[in-house]
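This is a predicted model, so every value here is computed, not measured.
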Amino acid sequence: MKLIEAVSRRTVYLLNSKNYTQYRLCKEGGIPKPSLFHIVNADKNDVKLSSIWAIADTFGMSLKEFFDDPVFSEVED
């Protein structure tokens, strides 16, 4: 699995488990809609660390907590 796919899965999981919409995450996290769209759909080859930090921060997490998920052990690239 590619890193962007793992970030996508983690983000979608957090959206669902915290009962957030993508719109709410964009508004509260200051994340541009196109950036979140590309993350959720994993349709780019990379993602900015600042976007991941904004997602984690909006959910009250550190980057360490965001990446502390089994999905990241499946990353091969």
Inset, instruction - Looking only at non-hydrogen atoms, find the nearest pair between Q22 and L15 and report the distance. - result: CG-CD1, 4.0 Å
Inset, instruction - Indicate yes or no for a side-chain donor-acceptor contact from D68 to the backbone of K64 under 3.5 Å, with no hydrogens or angles considered. - result: no
Legend entry - ring-ring contact (aromatic ring centres under 6.0 Å, His included) partners of F37, counting only residues at least two apart: none
Legend entry - With D69 via side chain to side chain donor-acceptor pair (under 3.5 Å) - residues at least two apart: R10
Legend entry - Residue pair G29 / A54: nearest heavy atoms and the distance that separates them: O-CB, 3.7 Å
Legend entry - Rounded distance [0.5 Å steps], NZ in K2 versus CD in E74: 15.5 Å
Legend entry - Shared hydrophobic cluster for I39 and Y23 (ILVMFWY, side-chain gaps under 4.5 Å): no
Legend entry - Under the side chain to side chain contact (heavy atoms under 4.5 Å, CB included) test, residues paired with A6 that sit two or more places apart: M1, V71, F72, V75
Legend entry - Residues forming a salt bridge (charged side-chain N to carboxylate O under 4.0 Å, His left out) with E28, sequence neighbours excluded: R24
Inset, instruction - Verify the ring-centre separation between F66 and F59: is it less than 6.0 angstrom? - result: no
Legend entry - Y13 OH to K18 NZ distance, which is reported to the nearest 0.5 Å: 8.5 Å
Inset, instruction - Would you give the length of the straight line joining atom CD1 of I52 to atom CG of L3, rounded to the nearest 0.5 angstrom? - result: 6.0 Å
Inset, instruction - Name all pairs fulfilling the salt bridge (Lys or Arg N to Asp or Glu O under 4.0 Å) condition that reach into residues 29-38, sequence neighbours left out, sorted by first residue then second. - result: none
Inset, instruction - Measure the shortest side-chain to side-chain distance between L14 and L25 over non-hydrogen atoms and say whether it is less than 4.5 angstrom. - result: no
Legend entry - L36 side chain reached by I55 side chain, heavy atoms, under 4.5 Å: yes
Legend entry - Note, D46 side chain near I4 side chain (heavy atom, < 4.5 Å): no
Inset, instruction - Could I get the full list of side chain to side chain contact (heavy atoms under 4.5 Å, CB included) partners for S50, not counting sequence neighbours? - result: K48
Legend entry - Any donor-acceptor pair under 3.5 Å from S35 side chain to I31 backbone: no
Inset, instruction - Kindly check if the number of other-residue, nucleotide or ligand heavy atoms within 6.0 Å of CG (D43) is above 12? - result: yes
